[in-house]
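To start, the structure itself, in structure tokens.
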Amino acid sequence: MSWAETVPLACFAAALLAGSAAAVQLAGFFPAAHRPAALTGIGGGALVLLLAGSVVMLLVAALWLAVARLPWPPAVIAAGVAVLFGPLLFQSVPAPLRDGCAGAALSAVLNLVLAVVLAAHIPG
């Protein structure tokens with residue numbers, strides 16, 4: 001594997017790791033009756049929708065990068081490792097941060113930044 005393939009693979013793995021952790025975080029916000037008090041109401045619902053949209057955007061960008069630039073065996077291995085370690089990454093964040101508005105907003109921003117980084121590595 002060349003250096004030109006290593007950088008997109010590292011970006012792909014980081015994106016899937018962040019996406020997996022954000023998906024676990026997002027799963028904790030549904031159903032709406034079980035959301036933390038800070039995420040109830042219209043503002044909290046909008047933040048949860050922003051997080052959901054950013055996860056979808058990130059996973060689409062990661063899949064697009066994998067199809068366009070990466071060999072399949074390393075992409076599959078990186079995806080498997082990211083799915084395994086995403087929940088561990090989520091659990092390592094302190095509960096007050098990950099379950100509140102700040103954690104949801106930070107996850108959404110991180111996902112959107114990683115989607116832009118992935119888009120920069122997609123040829124064409």
Give the table of side-chain donor-acceptor pairs shorter than 3.5 Å for residues 102-124, with sequence neighbours excluded, one pair per line with atom names and distance.
residue, atom, partner, partner atom, Å
S107, OG, Q25, OE1, 2.6
S107, OG, G103, O, 3.1
N111, ND2, S54, OG, 3.3
N111, ND2, S107, O, 3.2

Any side-chain heavy-atom pair of F29 and P36 under 4.5 Å: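 Answer yes - side chains close enough.
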Residues L59, L16; criterion side-chain contact (heavy atoms from CB on, under 4.5 Å); working and verdict: CA-CA 7 Å; L59 295 180; L16 286 182; 3.7 Å; yes
From CA spacing to verdict: side-chain contact (heavy atoms from CB on, under 4.5 Å), L17, L89: CA-CA 8 Å; L17 182 65; L89 175 66; 3.9 Å; yes
Should side-chain heavy atoms under 4.5 Å link Ile, Leu, Val, Met, Phe, Trp and Tyr, which residues sit in the same cluster as [X]?
| X | answer |
| --- | --- |
| L49 | none |
| I42 | none |
| V7 | W3 |
| F90 | V24 |

Treating Ile, Leu, Val, Met, Phe, Trp and Tyr as nodes and any side-chain heavy-atom pair under 4.5 angstrom as an edge, say whether [X] and [Y] lie in one connected cluster.
| X | Y | result |
| --- | --- | --- |
| F30 | L47 | yes |
| V55 | L63 | no |
| M57 | L50 | no |

List the atom of [X], the atom of [Y], and the distance in Å for their closest heavy-atom pair.
| X | Y | answer |
| --- | --- | --- |
| F12 | A75 | CE2-O, 3.3 Å |
| Q91 | R98 | O-NH1, 3.3 Å |
| L39 | C101 | CD2-SG, 3.7 Å |

T40 backbone acceptor or donor facing R35 side chain under 3.5 Å: no
Residue list, side-chain hydrogen bond (donor to acceptor under 3.5 Å, both in side chains) with S20, at least two apart or on another chain: none
